[in-house]
Asks: 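Sharing a structure with you now.
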Amino acid sequence: MDLALLRTFVTVHRAGSFTRAAALLGLSQPAVTSQIRTLERQLGRPLFLRKARGVTPTSVGDELAHRAAPHLDALVEIAEGSLEVEAPLRSLHLAGPPEFMAERVLPALVGMTGSEGPAVRLRTSFGSTDDVLEGLAAGHHDLAVATRRPRGTLLSAGTLCDEEHLLVAGARWAGRFAPGAVRRGGAGALAKVPVVDVHESLPFARRYWTTVFDAPPPEHAALVAPDLRAVLSCVVSGAGLAVLPRYLCEDALLRGELVTLLEPPVPPLRTYFVAVRAGTQALPHIATAHEWLLRAAVAWG
């Protein structure tokens with residue numbers, strides 16, 4: 001069996017689309033389609049079911065991918081290892097939300113660029129969960145951190161950590177509340193306090209109001225800044241209140257620059273997942289990054 005055909009097949013299986021696979025392989029889509037048809041003729045069985053958007057592997061296709069992919073990946077590693085002296089450092093492309101990547105993920109992985117591990121070049125992209133998962137599926141990233149688990153079989157994901165959300169305000173605003181006022185008055189006690197969030201839809205405040213107060217969120221934000229670090233700075237400067245991840249505002253709380261307005265029995269949590277394309281986690285640079293992140297997440301907890 002032609003290894004080039006198997007390589008194309010595994011790429012299509014991982015990408016879930018002839019178009020994506022062609023881009024990853026540097027081939028035209030007709031060439032990819034022709035190679036898959038040739039392989040199907042050789043095997044005498046269909047490997048994919050064609051759909052309006054992409055393809056879905058048949059049971060035979062899944063079995064072939066399960067058996068062939070690890071060996072093809074191993075051959076790639078052998079080929080690259082034999083050229084290690086002359087080849088450039090391998091790059092690891094990461095993607096995720098900017099604040100979490102900056103504060104958690106990248107500090108946990110900087111050792112991979114030096115003597116602590118198999119030296120790689122780290123390349124980072126920031127974006128929403130939808131954007132980073134789409135980029136991962138298309139082969140633009142090697143590993144993505146997302147706030148929801150991806151669907152389907154193209155991407156594989158595991159739980160990384162939970163992020164606790166706090167209702168906080170600067171000392172000037174917090175000083176206007178008597179002890180326990182927010183606990184007793186609920187959302188109504190906050191009606192006159194300006195809200196700061198990352199988007200006009202108030203995603204952080206909306207979730208907190210819904211889950212903790214069982215009440216509709218504020219109608220609008222006084223200040224919108226599309227980065228949680230900017231939201232933090234604005235709240236510390238007296239702009240109003242915000243809902244922020246504990247990891248991001250913990251230092252400001254310790255310094256007394258922020259005050260928590262409420263300590264609910266069950267605080268809102270947001271779960272982070274670490275995702276890779278199915279079959280790629282065995283690659284050493286991806287496996288190492290995955291392992292280091294999971295190890296770091298234990299300390300974050």
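Keep in mind that what you see is a predicted model, and the values were worked out from it rather than measured.
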Asks: Show the nearest heavy-atom pair for residues Pro264 and Val212, with the distance to one decimal.
Replies: CB-CG1, 4.0 Å
Asks: Could you check whether any side-chain N or O of Thr113 sits under 3.5 Å from a backbone N or O of Val110, counting only pairs where one atom can act as donor and the other as acceptor?
Replies: yes
Asks: Output yes when a side-chain donor or acceptor of Asp197 lies under 3.5 Å from a complementary backbone atom of Ala221, and no otherwise.
Replies: no
Asks: Quick one: does any side-chain atom of Thr288 pair with a main-chain N or O of Pro284 as donor and acceptor, under 3.5 Å?
Replies: yes
Asks: Between Glu40 and Arg50 (salt bridge meaning N to carboxylate O under 4.0 Å), is one present in this structure?
Replies: yes
Asks: How long is the straight-line distance from CZ of Phe18 back to CD of Gln35, given to the nearest 0.5 Å?
Replies: 10.5 Å
Asks: Indicate the atoms forming the closest heavy-atom contact of Pro245 with His165, along with that distance.
Replies: CA-CD2, 4.1 Å
Asks: Can you list the steps and then say if Arg45 with Thr58 is a side chain to side chain contact (heavy atoms under 4.5 Å, CB included)?
Replies: CA-CA 9 Å; Arg45 302 285 293 276; Thr58 63; over 6 Å; no
Asks: Are Thr147 and Tyr272 side-chain neighbours, meaning at least one heavy-atom pair lies under 4.5 Å?
Replies: yes
Asks: Any chance you could measure Leu258, atom CG, to Glu250, atom CD, to the nearest 0.5 Å?
Replies: 11.5 Å
Asks: Taking only residues two or more places apart in sequence or in another chain, which ones pass side-chain hydrogen bond (donor to acceptor under 3.5 Å, both in side chains) with Ser17?
Replies: none
Asks: Rounded to the nearest 0.5 Å, what separation is found between the CZ atom of Arg277 and the CG atom of Asp142?
Replies: 6.0 Å
Asks: Kindly say whether Leu269 contributes a backbone atom to a donor-acceptor pair with the side chain of Arg207 at under 3.5 angstrom?
Replies: yes
Asks: Which atom pair, heavy atoms only, marks the closest approach of Leu223 to Ala239?
Replies: CD1-CB, 4.3 Å
Asks: Could you go through Leu253 and Leu166, starting from their C-alpha distance and side-chain angles, then the distance that decides it, and tell me whether this counts as side chain to side chain contact (heavy atoms under 4.5 Å, CB included)?
Replies: CA-CA 11 Å; Leu253 289 169; Leu166 305 178; 3.7 Å; yes
Asks: For residues Leu106 and Val145: do they belong to one hydrophobic cluster (side chain heavy atoms under 4.5 Å, members Ile, Leu, Val, Met, Phe, Trp, Tyr)?
Replies: yes
Asks: Find the distance between CG (Leu228) and OH (Tyr247) and round it off to the nearest 0.5 Å.
Replies: 6.5 Å
Asks: Would you compute the distance between atom CG of Leu261 and atom CG of Leu241 and round it to the nearest 0.5 angstrom?
Replies: 6.5 Å
Asks: Taking only residues two or more places apart in sequence, or in another chain, which ones meet His199 in a side-chain hydrogen bond (donor to acceptor under 3.5 Å, both in side chains)?
Replies: Ser201
Asks: Could you tell me which non-hydrogen atom of His285 sits nearest to which non-hydrogen atom of Ser91, and how far apart they are?
Replies: CD2-O, 3.7 Å
Asks: What pairs with Glu263 under side-chain hydrogen bond (donor to acceptor under 3.5 Å, both in side chains), at least two apart in sequence or on another chain?
Replies: Thr260
Asks: Heavy-atom distance under 4.5 Å between the side chains of Val105 and Phe100, does that happen here?
Replies: yes
Asks: Can you find a pair of side-chain heavy atoms, one from Phe273 and one from Thr159, that are under 4.5 Å apart?
Replies: yes
Asks: Between Arg149 (side chain only) and Ala275 (backbone N and O only), is there a donor and an acceptor less than 3.5 Å apart?
Replies: no
Asks: Check whether Leu3 and Ile36 end up in the same hydrophobic cluster, where Ile, Leu, Val, Met, Phe, Trp and Tyr are linked by side-chain heavy atoms less than 4.5 Å apart.
Replies: yes
Asks: Do the side chains of Pro203 and Val198 get nearer than 4.5 Å, heavy atoms only?
Replies: yes
Asks: Measure the shortest side-chain to side-chain distance between Leu94 and Met101 over non-hydrogen atoms and say whether it is less than 4.5 angstrom.
Replies: yes
Asks: Any side-chain heavy-atom pair from Phe177 and Val193 closer than 4.5 angstrom?
Replies: yes
Asks: Taking only residues two or more places apart in sequence, or in another chain, which ones meet Ser233 in a side chain to side chain contact (heavy atoms under 4.5 Å, CB included)?
Replies: none
Asks: Quick one: closest heavy-atom pair of Ile286 and Val276, and the distance?
Replies: CG2-CG1, 3.8 Å
Asks: Within the side chain of Arg246, is there an N or O that forms a donor-acceptor pair under 3.5 Å with the backbone of Glu163?
Replies: no
Asks: Just so I know, are the side chains of Leu64 and Leu6 near enough to count as touching, which here means a heavy-atom distance under 4.5 Å?
Replies: yes
Asks: With a sphere of 6.0 Å drawn around CD of Glu103, does it hold more than 12 non-hydrogen atoms of other residues, nucleotides or ligands?
Replies: yes
Asks: Hey, are the side chains of His140 and Ser125 touching, using non-hydrogen atoms and a 4.5 Å cut-off?
Replies: no
Asks: Looking only at non-hydrogen atoms, find the nearest pair between Ala171 and Val259 and report the distance.
Replies: CA-CG2, 4.4 Å
Asks: Rounded to the nearest 0.5 Å, what separates atom CZ in Arg37 from atom CG in Leu5?
Replies: 14.0 Å
Asks: List the atom pairs, with distances to 0.1 Å, where a side-chain N or O of residues 293-301 and a protein N or O form a donor-acceptor pair under 3.5 Å, not counting sequence neighbours.
Replies:
none

Asks: Is the number of heavy atoms from other residues, nucleotides or ligands within 6.0 Å of CZ (Arg148) greater than 12?
Replies: yes
Asks: Count the heavy atoms belonging to other residues, nucleotides or ligands that lie under 6.0 Å from CZ of Arg255, then report whether that count exceeds 12.
Replies: yes
Asks: Answer with yes or no whether the hydrophobic clustering places Val195 together with Val224; edges join I, L, V, M, F, W, Y residues whose side-chain heavy atoms lie under 4.5 Å apart.
Replies: no
Asks: Of Asp62, Thr56, Thr8, which is the lone residue that meets side chain to side chain donor-acceptor pair (under 3.5 Å) with His13?
Replies: Asp62
Asks: Going by ring-ring contact (aromatic ring centres under 6.0 Å, His included), name the residues that satisfy it together with Trp209, two or more places apart in sequence or in a different chain.
Replies: Phe213
